[in-house]
Chemist: 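Pasting in a structure now, in structure tokens, and then I'll have a few things to ask.
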There are 2 protein chains.
Amino acid sequence: MARAATTSDAFNAIAEPQRREILVLLRDGERPVTELAQDLGMTQPQASKHLRVLREVGLVRVRGVGKQRLYGLDARGLRPLHEWLGGFERFWGESFDRLDEYLQELKQARRESA
Amino acid sequence: MARAATTSDAFNAIAEPQRREILVLLRDGERPVTELAQDLGMTQPQASKHLRVLREVGLVRVRGVGKQRLYGLDARGLRPLHEWLGGFERFWGESFDRLDEYLQELKQARRESA
DNA sequence: CAATCATATGCCCATATAGGCATGTGTCAA
DNA sequence: TTGACACATGCCTATATGGGCATATGATTG
């Protein structure tokens with residue numbers, strides 16, 4: 001079996017860096033496809049495809065305005081990520097700043113196994 | 001070009017549901033491969049492969065103890081995720097509770113039309 | 001209707017995947 | 001040394017991908 005589809009959920013959708021950048025741009029408001037493509041230095045078809053994925057997982061929504069299609073962020077789609085990550089909150093302080101301690105543990109482990 | 005490797009970063013690594021479950025299990029402490037495999041209903045080779053990916057992106061670390069290899073969570077690997085997601089924090093309240101607001105609006109609209 | 005601008009799709013390709021299964025490697029005990 | 005146990009790797013296959021490019025679809029204007 002292959003990898004799960006990028007459209008299967010938000011986790012898979014945001015695994016692609018360019019799609020994350022699109023979401024970041026959209027934090028500041030709605031944007032048409034071409035602008036996004038330019039800002040991110042990608043072709044228009046590429047942008048459209050990425051936006052399709054984001055739309056399918058509910059991370060962005062579209063709105064037709066004249067010839068244009070304005071894409072906007074729908075942050076509710078990030079909720080699963082937020083919740084999953086929240087389960088690890090108790091490690092934030094503990095693990096991020098304690099590189100030293102971790103190194104100590106490593107040394108000790110090595111001593112024990114020696 | 002194909003999709004980025006699962007080992008390219010934490011984002012890609014946790015796109016796979018089973019790998020996320022492994023990390024959840026490891027929150028409670030170190031575990032040997034076979035136990036993880038059993039708990040998650042997967043074969044031992046599958047577990048080993050997932051663990052390899054997680055190790056390559058720095059989400060878990062291993063420690064040999066006798067015949068066993070104890071895998072432990074390294075939450076520092078989640079930092080990029082945490083930080084990226086943090087950029088959307090201002091949307092949490094706004095968008096997540098939208099449903100409530102929407103329901104309020106509905107009620108009010110109904111009252112007004114009654 | 002025709003022309004034009006803004007997007008979306010379709011097609012081709014190379015690549016990395018996850019699963020299934022067999023087998024290699026490493027460690028300990030007798 | 002030989003087993004036995006715990007784990008890692010190798011190989012195979014089907015599949016979905018992202019990029020490049022051409023082209024179809026939609027909406028607007030003259």
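Convention: sequence-line order gives letters A, B, ...; per-chain numbering from 1.
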Chemist: Any donor and acceptor pair, going by atom type alone, linking the side chain of B/Q68 with main-chain N or O of B/L70 inside 3.5 Å?
Modeler: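 Here the side-chain-to-backbone pair does not exist.
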
Chemist: Counting heavy atoms from C-beta on, name the nucleotide in C/dT7, C/dT17, D/dC5 closest to the side chain of B/K67.
Modeler: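 So the side chain of B/K67 is nearest to D/dC5.
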
Chemist: Within the side chain of B/R31, is there an N or O that forms a donor-acceptor pair under 3.5 Å with the backbone of B/L25?
Modeler: no

Chemist: Between D/dA8, C/dT7, C/dG19, spot the one nearest the side chain of A/S48, thanks.
Modeler: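 Output: C/dT7.
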
Chemist: Where the side chain of B/A5 is defined as all heavy atoms beyond and including C-beta, which of D/dT17, C/dA8, C/dT17 is the nearest nucleotide?
Modeler: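 Selected nucleotide: C/dT17.
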
Chemist: Between B/T7 and B/Q46, who's closer to the 5' end of DNA chain C by nearest nucleotide?
Modeler: B/T7

Chemist: Between A/V65 and A/V53, which residue's closest nucleotide on DNA chain D lies nearer the 5′ terminus?
Modeler: A/V53

Chemist: Between A/Q68 and A/K49, who's closer to the 5' end of DNA chain C by nearest nucleotide?
Modeler: A/Q68

Chemist: Is B/P32 touching bases, backbone alone, or none of the nucleic acid, heavy atoms closer than 4.0 Å?
Modeler: sugar-phosphate

Chemist: Rounded to whole Å, please give me the gap between CD1 in B/I14 and P in C/dT17.
Modeler: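 In whole Å, C/dT17 P lies 16 Å from B/I14 CD1.
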
Chemist: At what distance, to the nearest 0.5 angstrom, does CG of B/L59 lie from OH of B/Y71?
Modeler: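 So the gap between those two atoms works out to 13.0 Å.
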
Chemist: Which of these nucleotides, C/dA16, C/dA6, C/dA8, is closest to any side-chain atom of B/A2?
Modeler: C/dA16

Chemist: Rounded to the Å, how far apart are B/R3 CZ and C/dA16 P?
Modeler: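 Checked: the CZ to P distance equals 13 Å.
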
Chemist: Would you indicate which nucleotide in D/dC7, D/dC11, D/dG19 comes nearest to any side-chain atom of A/Q18?
Modeler: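 For A/Q18, the side-chain atoms sit closest to D/dG19.
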
Chemist: Rounded to whole Å, how long is the line connecting atom CZ of B/R31 with atom P of D/dA6?
Modeler: 14 Å

Chemist: Under 4.0 angstrom, heavy atoms only, what part of the nucleic acid is B/R55 near: base, sugar-phosphate, or nothing?
Modeler: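 Contact class for B/R55: none.
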
Chemist: Specify the separation, in whole Å, of atom CD of B/E56 and atom C1' of C/dT17.
Modeler: 14 Å

Chemist: Using 0.5 Å steps for rounding, measure from the CE atom of A/M42 to the NE2 atom of A/H50.
Modeler: 5.0 Å

Chemist: Between B/Y71 and D/dA8, is there a contact of a side-chain N or O with OP1 or OP2 at under 4.0 Å?
Modeler: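 Checking D/dA8 against B/Y71, a side-chain N or O does come within under 4.0 Å of OP1 or OP2.
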
Chemist: Judged by atom type as modelled, is there a donor-acceptor pair below 3.5 Å linking the side chain of B/R61 to the main-chain atoms of B/L73?
Modeler: yes

Chemist: Where the side chain of A/T43 is concerned, which of C/dA8, D/dA6, D/dG20 is the nearest nucleotide?
Modeler: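 Nearest listed nucleotide: D/dG20.
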
Chemist: Given atom CZ of B/R52 and atom C1' of D/dG10, what is their separation to the nearest angstrom?
Modeler: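 Rounded to the whole Å, the gap is 11 Å.
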
Chemist: Whole Å only: how far is the CZ atom of A/R69 from the P atom of D/dA27?
Modeler: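 Computing the A/R69:CZ to D/dA27:P distance gives 9 Å.
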
Chemist: Please determine, for the side chain of A/H50, which listed nucleotide (D/dG18, C/dA8, C/dA18) has the closest atom?
Modeler: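 Comparing D/dG18, C/dA8, C/dA18 against the side chain of A/H50, the answer is D/dG18.
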
Chemist: Go through the side-chain N and O atoms of B/T34 and B/Q38 and say whether any donor and acceptor fall under 3.5 Å apart.
Modeler: no

Chemist: Figure out the CE/P separation between B/M1 and C/dT15, and round it to whole Å.
Modeler: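 Atom CE in B/M1 sits about 9 Å away from atom P in C/dT15.
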
Chemist: Any donor-acceptor pair under 3.5 Å joining the side chain of A/Q44 to the base of C/dA8?
Modeler: yes

Chemist: How many whole angstroms separate atom CD of B/E16 from atom P of D/dA16?
Modeler: 15 Å

